[in-house]
Amino acid sequence: MALKYKRIKGTRDILPAESEVREQLWQKARKILLRYGYGFITTPTFEATELFVRSVGEATDIVEKEMYTFTDRGGRSLTLRPEGTAGVVRAYLENHMIPPVKLAYYENVFRAERPQKGRLREFWQIGVEFIGAGDPLADAETIELGLTLLKEFGFKELKLELNSIGTVEDRQRYRNVLIEYLEKRKDELCEDCQRRLYRNPLRVLDCKIDGPKLKDAPNIMDYLSEDSKRHFEKVLEYLELWGIDYEINNRLVRGLDYYTHTVFEFKTAGLGAQNTVLAGGRYDGLVEELGGPPTPAVGFALGVERVIIALNLDAQPPKPEYFIVTHGDEARKFAVELIRQLRAEGISVDMSHNPKSMKAQMKLANRTGARYTIIIGEDELSSQKVKIRDMESGEEKLLSVGELLKLG
RNA sequence: GUGAGCGUAGCUCAACUGGUCAGAGCACCAGACUGUGGAUCUGGGGGUUGGGGGUUCGAGUCCCCUCGCUCACCCCA
């Protein structure tokens, strides 16, 4: 194959059939989001680099090595958004929105990772941000909304894992204790974890190699403040009230620094190593971090491609209702006018734009999947009728243009 | 960034230990059917076997480099 231009690694072409799948997912999501009081927002694809460094966190992998950052012609450092929350919070502040406010989006995000199953460099997320609500009910509702969306998409087997990482202070306290604990076992840790020990000690517990060995590691629950604990318990109470199954995973950590208190992930089979389809949590410090007043918030994002892969979704590309086949120059001219009228009436109809044999036109008609073929030739012109052929049954009947238009 | 596997027509794949091995099916186009698709038959276009170098009388087939794809690690949706 000697193609001159190819897709950039980790990007995809979304063809007509998959476009239908995505549209269906988004329509389902929209319907439910409206039910929960969400409005929709679209923010720019790129923002000032500093916005993401500030919100996602300087020391996170996303910021350190996964951002598509470039300098524009004015010498400003810009970045293709690696996630959706930062831009939405920025827009919330910039547009002086009044809390509480619920904002949902469907947008592409970019991360320069090595692609693999369920992981792309450009991928799409459906996300929600509930800004200005600090009550545990908001956490619980957000989780319940995520579950509702996934069920609506068709998921049957889902595992909800959740944890609380408390406030920034709680986490700092826990971090210190954990580092102390890990330092004593430094020699037993794998290479990666020795490196992670000071940078991201919470991650060590999640390590596939070392995690299981550290059964007696300090538990974050023991280091949460009373308020934090109570908040988390309230969240669990609501989930139980609604009969939502969950599993507490005290080693669940998120890769973005802005999270506080509740963090959660929905996992599923069929995704290879990337088994999380939806993840999120509370981020009470972010609005303030970005220059606003102290404002609690909670949200999540789900990976559209992961949903499609996990559920093995597909759909038919759109088909026209009619396809016009002509014989002779006069008939073609007649068809050109007819097709315009039909389309003006809202009917989907197409024809061959290159003059071809009737056989070739019929083949094209067949391939487009049209329900009916409209055949126009000398006979039809002289009788002022067109022949409608049912492509399924092969039945044909003559109709006047007026009758055809009425039929729709 | 690290590791493993794979790269032959648009697609799915053949070609024994290096020797008519550059093929098949599907798809596409045309004809059989000078006004009719999806079936059948016939024919046609399309590949510098990802690219470069090497070994050899001779290389998709062996060696090296390179590019690309896939999966996994890391991390994440």
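The sequence lines fix the lettering, A, B, ..., with proteins before strands; numbering per chain opens at 1.
Checked by atom type, the side-chain pair A/Y36/A/T148 shows a donor-acceptor distance below 3.5 Å.
Considering only the side chain of A/R119, B/rC73 comes nearest among B/rC73, B/rG35, B/rA72. Candidate nucleotides B/rC74, B/rG68, B/rG37 were compared by shortest atom distance to the side chain of A/R389, and B/rG37 ranks first. Listed nucleotides: B/rC71, B/rU36, B/rG38. Nearest to the side chain of A/M362: B/rU36. Of the listed nucleotides (B/rA77, B/rG1, B/rG35), B/rG1 has the atom at the smallest distance from the side chain of A/R114.
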With pairs defined as Watson-Crick or G-U wobble and both distances under 3.5 angstrom, please note down RNA chain B as a dot-bracket string, | for pairing with another strand.
(((((((..((((.....[...)))).(((((.......))))).....(((((..]....))))))))))))....
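For the OP1/OP2 pair of B/rG37 and a distance below 4.0 Å, the side-chain nitrogens and oxygens of A/Q361 include no atom meeting the criterion. Listed pair A/R367 / B/rC28 meets the phosphate criterion, a side-chain N or O lying under 4.0 Å from OP1 or OP2. Within the 4.0 Å cut-off from OP1 or OP2 of B/rA77, not a single side-chain nitrogen or oxygen of A/R81 is found. A close approach under 4.0 Å does occur between a side-chain nitrogen or oxygen of A/K359 and OP1 or OP2 of B/rG37. Applying the 4.0 Å criterion to OP1 and OP2 of B/rC75, one finds that A/K65 has every side-chain N and O outside that range. When the side-chain nitrogen and oxygen atoms of A/Q116 are compared with OP1 and OP2 of B/rA72, one or more of them lie within a distance under 4.0 Å.
Counting non-hydrogen atoms under 4.0 angstrom, A/K9 reaches the backbone sugars and phosphates but no base. Across all strands shown, A/G118 has heavy atoms under 4.0 Å from base atoms, whether or not it also approaches the sugar-phosphate.
The stretch residues 297-305 of chain A comes close to RNA chain B through A/A301, A/G303, each having a heavy atom under 4.0 Å from the strand. The stretch residues 29-50 of chain A has no heavy atom under 4.0 angstrom from RNA chain B at all.
Between A/Y259 and A/Y283, the two ring planes are perpendicular [angle over 60°; tilted spans 30° to 60°].
Map A/A279 and A/D390 each onto its nearest nucleotide of RNA chain B; the residue landing nearer the 5' end is A/D390.
On the C1' atoms, B/rA9 is 32 Å away from B/rA72, given to the nearest whole Å.
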